[in-house]
Amino acid sequence: MSKKPVRVAVTGAAGQIGYALLFRIASGEMLGKDQPVILQLLEIPDEKAQNALKGVIMELEDCAFPLLAGIEAHSDPMTAFKDTDYALLVGSRPRGPGMERAELLSINGAIFTAQGKALNAVASRDVKVLVVGNPANTNAYIAMKAAPDLKPGNFTAMLRLDHNRAASQIAAKIGCAVGNIEKLAVWGNHSPTMYADYRFATVDGKSVKDTINDHDWNANVFLPTVGKRGAAIIAARGLSSAASAANAAIDHMRDWALGTNGKWVTMGIPSNGEYGIPKEVMFGFPVTCEGGEYKIVEGLPIDAFSQECINKTLAELQGEQDGVKHLL
Ligand code: NAD
Ligand code: LMR
């Protein structure tokens with residue numbers, strides 16, 4: 001018997017990331033090749049954006065995806081999020097060359113108050129929310145705070161792109177297949193302060209840290225490369241990352257919904273006090289997922305260098321949180 005369709009809301013559906021994301025969701029790459037989906041697509045009411053959305057919808061129709069059970073175009077989050085089971089909040093301004101992601105807070109913050117309220121009012125009570133729009137952690141925090149009737153844990157921020165970038169840099173350094181790297185963690189904010197931590201990582205069962213055995217490379221090459229990768233892409237393309245961001249969003253939602261089989265992944269989630277991170281801070285943690293729930297990997301030792309890195313990214317997030325108090 002075929003499964004009942006689930007509702008997937010995507011905001012910013014006519015944008016760059018939207019274009020790299022929707023076709024993969026509709027083909028079953030996110031929720032499984034046996035899971036029909038209804039896409040509830042949100043764009044701003046502006047005529048140009050709504051027309052662009054119509055064009056994307058025509059292309060989705062022309063793919064004749066067997067799993068695509070319906071497509072809706074919306075200009076109001078109150079209708080776009082109705083009964084939605086999954087919400088990918090992408091729509092917002094990307095940064096341009098020379099900007100930091102935190103500079104987008106004043107531009108994008110208000111979007112996430114309105115969308116958090118709408119999710120609170122009309123989404124499924126079990127909705128799984130992924131915030132992609134930058135600054136992703138603090139936008140997710142804003143949306144969570146605007147949705148007091150939903151469980152805080154249903155709001156997450158995208159750190160998966162940093163996780164994938166870190167894995168790829170390690171694979172290139174060691175000369176191994178990226179898929180063989182396990183137990184990688186990225187702590188904190190989706191910003192240059194994030195701490196990509198390979199102390200526990202293994203490749204084919206061998207310790208990555210021992211194999212690399214080079215603290216200078218870690219501190220002076222690896223961390224800045226991963227942390228500033230978004231800016232490097234903007235400098236090279238003139239536009240922010242899109243296909244890799246969409247890919248990370250698919251990875252994040254797929255793993256959350258379908259499980260990781262014990263594998264560690266990174267998700268930005270509200271802290272419950274783990275590792276000394278104050279409650280509700282939307283922080284990147286290593287997690288495993290099973291049965292539609294994520295669980296923080298607990299009990300990892302934190303050495304002095306790691307603590308310093310974690311403190312720095314936490315301080316930045318708390319500063320961002322302070323800066324949006326007026327929106328809450
Ligand atoms: P884009 O400008 O190509 O598309 C954004 C789309 O969002 C536009 O079509 C715009 O009309 C729409 N939009 C704006 N406000 C909206 C609202 N209130 N409701 C619905 N739609 C709205 O941008 P993009 O390249 O797709 O990037 C989108 C966001 O994702 C940016 O904030 C970018 O910085 C962020 N991003 C995050 C990560 C991450 O790892 N977390 C990675 C890449 C990009
Ligand atoms: C990225 O990391 O590529 C995105 O967050 C876009 C950006 O502004 O860096």
Side-chain angles (χ1 to χ4, degrees), residues 9-22 40-56 73-81 87-119 130-140 142-143 156-166 186 188-194 196 225-253 266-268 282 284:
V10 179
T11 74
Q16 290 203 88
I17 296 176
Y19 197 70
L21 183 61
L22 296 174
Q40 305 188 165
L41 307 179
L42 179 67
E43 259 298 341
I44 50 172
D46 168 79
E47 198 187 333
K48 208 169 147 215
Q50 287 295 321
N51 266 335
L53 181 56
K54 275 191 197 130
V56 174
H74 295 271
S75 58
D76 179 350
M78 287 294 283
T79 57
F81 295 157
L88 291 92
L89 308 188
V90 179
S92 51
R93 258 265 300 277
R95 65 174 165 157
M99 286 171 84
E100 277 307 334
R101 295 183 190 101
E103 290 174 49
L104 293 173
L105 254 191
S106 53
I107 305 168
N108 289 337
I111 295 175
F112 293 87
T113 318
Q115 295 189 355
K117 281 186 184 159
L119 286 163
L130 168 63
V131 175
V132 175
N134 277 318
N137 297 54
T138 299
N139 288 337
I142 294 171
T156 67
M158 195 162 93
L159 267 291
R160 185 58 175 267
L161 185 51
D162 307 285
H163 183 106
N164 290 349
R165 285 169 174 167
V186 182
N189 199 5
H190 173 60
S191 90
T193 66
M194 57 92 232
T225 302
V226 179
K228 294 182 186 154
R229 188 69 160 186
I233 290 166
I234 291 170
R237 260 177 36 96
L239 287 169
S240 77
S241 64
S244 56
N247 180 66
I250 298 265
D251 283 350
H252 177 117
M253 279 305 210
T266 300
M267 290 171 69
M282 197 62 71

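Order of appearance sets the numbers: ligands from 1, and atoms from 1 within every ligand.
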K.L.:
What's the separation between atom CG in Asn137 and atom CE in Met194, rounded to the nearest 0.5 Å?
P.N.:
12.0 Å
K.L.:
Going through the distances and angles, do Asn134 and Ser92 end up as a side-chain contact (heavy atoms from CB on, under 4.5 Å)?
P.N.:
CA-CA 7 Å; Asn134 277 318; Ser92 51; 5.9 Å; no
K.L.:
Looking only at heavy atoms, which two atoms of Ala243 and Ala20 are closest? And how far apart?
P.N.:
CA-CB, 3.9 Å
K.L.:
Put together the list of close N/O pairs, under 3.5 Å, between ligand 2 and the protein, could you?
P.N.:
| unit_1 | atom_1 | unit_2 | atom_2 | d |
| --- | --- | --- | --- | --- |
| ligand 2 | 2 (O) | Arg101 | NH2 | 2.7 |
| ligand 2 | 2 (O) | Arg165 | NH1 | 2.9 |
| ligand 2 | 2 (O) | Arg165 | NH2 | 3.4 |
| ligand 2 | 2 (O) | His190 | NE2 | 3.3 |
| ligand 2 | 3 (O) | Arg165 | NH2 | 2.7 |
| ligand 2 | 3 (O) | Ser241 | OG | 2.7 |
| ligand 2 | 5 (O) | Arg101 | NE | 2.8 |
| ligand 2 | 5 (O) | Asn134 | ND2 | 2.8 |
| ligand 2 | 5 (O) | His190 | NE2 | 2.6 |
| ligand 2 | 8 (O) | Arg95 | NE | 2.5 |
| ligand 2 | 9 (O) | Arg95 | NE | 3.2 |
| ligand 2 | 9 (O) | Arg95 | NH2 | 2.8 |
| ligand 2 | 9 (O) | Arg101 | NE | 3.1 |
| ligand 2 | 9 (O) | Arg101 | NH2 | 3.0 |

K.L.:
Go through the steps for Asn164 and Asp251 under the test side-chain contact (heavy atoms from CB on, under 4.5 Å), then give the verdict.
P.N.:
CA-CA 10 Å; Asn164 290 349; Asp251 283 350; 3.1 Å; yes
K.L.:
So which protein residues pack against ligand 1 under 4.0 Å, heavy atoms counted?
P.N.:
Gly12, Ala14, Gly15, Gln16, Ile17, Leu42, Glu43, Ile44, Val90, Gly91, Ser92, Arg93, Pro94, Ile111, Gln115, Val132, Gly133, Asn134, Ala136, Met158, Leu161, His190, Ser240, Ser241, Ala245
K.L.:
Would you check if there is a donor-acceptor pair between the side chains of Asn108 and Asn139 at a distance under 3.5 Å?
P.N.:
no
K.L.:
Is there side-chain contact between Leu42 and Gln115, with heavy atoms separated by less than 4.5 Å?
P.N.:
yes
K.L.:
Please evaluate residues Gln16 and Ser240 with respect to the criterion side-chain contact (heavy atoms from CB on, under 4.5 Å), reporting the C-alpha separation (whole Å), side-chain torsions for both, the decisive distance (0.1 Å), and the verdict.
P.N.:
CA-CA 9 Å; Gln16 290 203 88; Ser240 77; 4.0 Å; yes
K.L.:
Which heavy-atom pair separates Gly230 from Arg165 by the least distance, and what is that distance?
P.N.:
N-NH1, 3.6 Å
K.L.:
Phe112 and Gly91: which non-hydrogen atoms are nearest, and at how many Å?
P.N.:
CZ-O, 4.0 Å
